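What follows is one structure encoded as structure tokens, with my remarks underneath.
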Amino acid sequence: MNRELIAAIDLGSNSFRLQIGRIVNDQIYPLDGIKEAVRLAAGLSPDRILDNAAQMRALDALRCFNERLRDYPREAVRAVATNTLRVAKNAPEFLIQAEEALGFPIEVIAGREEARLIYVGVAHTLPNPHRQQLVVDIGGGSTEFVIGKSFQPIQLESLYMGCVSYSMRHFPGGSVDKRGLREAELAAQKEIQTISHAYRATGWEEAVGSSGSAKALVDILEQNGLSDGGITRSGMEKLRALMLKAGNVNSLKLEGLRPDRLPVLPGGFAIMWAVFQEFGLERMVFSEGALRLGVLYDLLGRYHHDDLRDATVTAFGKRYGLDEGHAARVSETATALLRQLDPDTADPEHPDHRFLAWAARLHEVGVSVAHSSYHKHSAYILANADMPGFSRMDQGRLARLVLAHRGKLSRLTALGPGNPEWRQILCLRLAVVIHRARDGRGVPPVQLQADGRGHVLLADQAWLRHLPLTASALEEEQRQWNAVGMPLRVQTQALAGQP
């Protein structure tokens, strides 16, 4: 396996796409790719259940990708899912089958995280990324809007409207008439009005379109002489007239119009027309960069130990006014305890090590809301805040660890006895107890080990005599863990050295 090759998979609401790139001097050169027109959003019922036909199309595409990626190491592949799998109620059950078919984990990313990754991809293809850009990406189920400059997004938003959902709702069977088109355009304008004032106030020097709908419109307008380059207002007006004259997209005879884009063309057109109207655009250029390229560059950062998630955790610490010294001490102790239980996690890049360290650093963010039940507030923030670099599953994992760092363990039995998160929870809870006194004495001598009857914490008896509240808290931990059938014994003795 060539370690310079990495792969990104975009499980979009219209198409599933695999992109393979080669790393050369910290730049990514796209190589081959595969596209499968899955139209996942078309299988989403009004009550947001993904039907079996759409699931089968998706699984077939993922098995195809699996054949291409079979020899790739886990860390060289990243798969992300977007709007349809964000909103589908049965997505968790489907994702189990999807990951088995693909052979790699799949991350469902939030709308603004999708927007950020799109911008990363677009910015790496722009001739002058240092200009302030408005980037619009019309997907199958959502549309992302970004204003950014010099590879840094300034504003990010994702709106629940896409070419598949709009085509199905407003243009059944491909029929296009004045009323249906106007209704679709007004519906899209209504959505965009929620962000247009703030975006206009920020401003931009150039508008950029990315992904399938923008690409289809560029091809149609340029190859039929409707535009002198890019997407223009006058070209859109001419295409609008042609669509209305045809009455149905299946009757359109235009150069550059691919058969797989026909069913979703009117929905994509209506949203783009609304974008031009609401933002007062006359012209939009097209960028080949999009979500897949953004995922590749984000993966490149992780590949070289420059993980955006570290920066996000640091930023959260500052935003919520955390005691960073205390958080760092809890993190150091928690990961040291985990290392004693599982030597494989000694590698700082091990996922269990990283998530435990992040959870330890962020376990008190909820104090900014209230001291009472702060762990619940912390979990809510971590599960729902915009956290660049973290997928929804990442945030859910952080939230579970933080929620469990105090309070009753009995409510967590749904994790199941074999779940590896139990060990991380144990280490985080013990680290918080050990450092709760904040007496400035540093990390006490403690050792944690597993035996056939559960876990044993060896704690320094002299140290605990000086901290009776900590000793009492450790006794409570014993009761809690014994109650859920995962015994913990705290033994005090004379210890030397650090964990």
Side-chain angles (χ1 to χ4, degrees), residues 13-14 41 82-83 111-112 114-116 118-119 122 126 131-149 153-171 176-218 220-221 226-227 229-241 243-244 264-287 290-291:
S13 297
N14 188 44
T82 58
N83 186 74
R112 289 185 179 177
E114 181 181 355
R116 182 190 71 82
I118 287 168
Y119 181 72
V122 169
L126 296 174
R131 299 179 70 188
Q132 193 144 305
Q133 317 279 345
L134 167 67
V135 177
V136 179
D137 187 293
I138 300 171
S142 65
T143 299
E144 280 64 50
F145 298 83
V146 189
I147 294 178
K149 183 177 182 180
I154 299 169
Q155 288 188 243
L156 299 163
E157 195 55 76
S158 176
L159 299 181
Y160 186 43
M161 57 182 187
C163 62
V164 175
S165 56
Y166 265 51
S167 294
M168 293 176 62
R169 185 182 311 157
H170 298 285
F171 308 100
V176 182
D177 57 38
K178 285 186 178 181
R179 179 177 178 180
L181 184 56
R182 187 61 181 152
E183 286 180 353
E185 292 165 350
L186 288 175
Q189 281 187 247
K190 184 178 179 180
E191 292 288 334
I192 299 169
Q193 282 173 357
T194 62
I195 66 168
S196 58
H197 178 75
Y199 273 57
R200 280 176 175 266
T202 301
W204 57 85
E205 298 172 76
E206 183 178 49
V208 182
S210 62
S211 291
S213 287
K215 172 64 171 168
L217 290 171
V218 166
I220 293 169
L221 296 181
L226 304 178
S227 163
I231 303 172
T232 62
R233 179 181 289 270
S234 61
M236 291 282 285
E237 289 172 343
K238 294 171 187 174
L239 179 56
R240 191 175 195 275
M243 290 171 62
L244 289 172
V264 297
L265 175 65
F269 175 91
I271 294 171
M272 185 63 81
W273 179 264
V275 168
F276 268 66
Q277 293 295 97
E278 280 302 306
F279 290 124
L281 302 181
E282 293 296 327
R283 181 182 297 273
M284 175 183 284
V285 301
F286 175 71
S287 166
L291 180 59

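What you see is a predicted model, and the numbers here were worked out from it, not measured in a lab.
- Taken from CD in Glu205 to CZ in Arg131, the straight-line distance is 5.0 Å, to the nearest 0.5 Å.
- Side-chain atoms of Glu278 do not come within 3.5 Å of backbone N or O of Ile192 as any donor-acceptor pair.
- To the nearest 0.5 Å, the span separating CD1 on Ile231 from CG on Leu217 amounts to 5.0 Å.
- Looking at heavy atoms from C-beta onward, Leu291 lies out of side-chain contact with Asp137 at the 4.5 angstrom threshold.
- Shortest non-hydrogen contact noted between Ser210 and Val122 is CB-CG2, 3.8 Å.
- Considering only heavy atoms from C-beta on, Met272 stays 4.5 Å or farther from Ser213 through its side chain.
- Counting heavy atoms from C-beta outward, Glu206 and Leu134 have side chains that stay 4.5 Å or more apart.
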- Task: Take Val208 and Leu126 through the side chain to side chain contact (heavy atoms under 4.5 Å, CB included) test and state the conclusion after the steps.
- Result: CA-CA 9 Å; Val208 182; Leu126 296 174; 4.1 Å; yes
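- Between the side chain of Tyr199 and the backbone N or O of Phe145 there is at least one donor-acceptor pair closer than 3.5 Å.
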- Message: Apply side chain to side chain contact (heavy atoms under 4.5 Å, CB included) to residues Asp177 and Leu181 and explain how you reach the verdict.
- Response: CA-CA 6 Å; Asp177 57 38; Leu181 184 56; 5.9 Å; no
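- Contact check for Met284 versus Phe276: side-chain heavy atoms found under the 4.5 Å cut-off.
- Of the possible polar contacts, one joining the Ser167 side chain to the Gly267 backbone as a donor-acceptor pair under 3.5 Å is found.
- Cys163 and Ile271 get closest at one heavy-atom pair: N-CD1, 4.0 Å.
- Distance check, rounded to the nearest 0.5 Å: CD of Glu237 to OG1 of Thr232 gives 8.5 Å.
- A donor-acceptor contact shorter than 3.5 Å is absent between the side chain of Tyr119 and the backbone of Leu156.
- In this view, Arg283 and Asp228 satisfy the salt bridge (Lys or Arg N to Asp or Glu O under 4.0 Å) rule, not counting sequence neighbours.
- Looking at heavy atoms from C-beta onward, Lys238 lies out of side-chain contact with Leu221 at the 4.5 angstrom threshold.
- Smallest separation of non-hydrogen atoms from Gln132 and Gly203: NE2-O, 3.0 Å.
- With Ser165 contributing its side chain and Gly162 its backbone, the two residues share a donor-acceptor pair below 3.5 Å.
- For Glu183, the side chain to side chain donor-acceptor pair (under 3.5 Å) partners two or more places apart in sequence, or in a different chain, are Arg179.
- Between the side chains of Asn83 and Ser13, no donor-acceptor pair of N or O atoms lies under 3.5 Å.
- Classification of Arg182 and Glu185 as a salt-bridged pair holds, one side-chain N sitting under 4.0 Å from a carboxylate O.
- When all heavy atoms are compared, the tightest approach of Glu191 to Tyr166 is CG-OH, 4.1 Å.
- Side-chain atoms of Thr143 come within 3.5 Å of backbone atoms of Met161 as a donor-acceptor pair (strictly under, hydrogens ignored).
- Under the rule for a salt bridge (Lys or Arg N to Asp or Glu O under 4.0 Å), the partners of Arg112 that lie at least two apart in sequence or sit in another chain are Glu157, Asp386.
- Here the CD1 atom belonging to Ile147 is positioned 10.5 Å from the CD atom belonging to Gln133, to the nearest 0.5 angstrom.
- Remark: side-chain polar atoms of Gln155 are not paired, donor with acceptor, to backbone N or O of Gly148 under 3.5 angstrom.
- Residue Thr202 holds its OG1 atom at 9.5 Å from NE2 of His197, rounded to the nearest 0.5 Å.
- In this structure, Phe171 and Ala184 approach most closely via the heavy-atom pair CZ-CB, 3.7 Å.
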- Begin with the C-alpha distance, continue with both residues' side-chain angles, and end with the deciding distance and a verdict on side chain to side chain contact (heavy atoms under 4.5 Å, CB included) for Leu281 and Trp204. CA-CA 11 Å; Leu281 302 181; Trp204 57 85; 3.8 Å; yes
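- Taking CD of Glu114 as the reference point, atom OG of Ser158 lies at 5.5 Å (rounded to 0.5 Å).
- Of the possible polar contacts, none joining the Thr194 side chain to the Lys190 backbone as a donor-acceptor pair under 3.5 Å is found.
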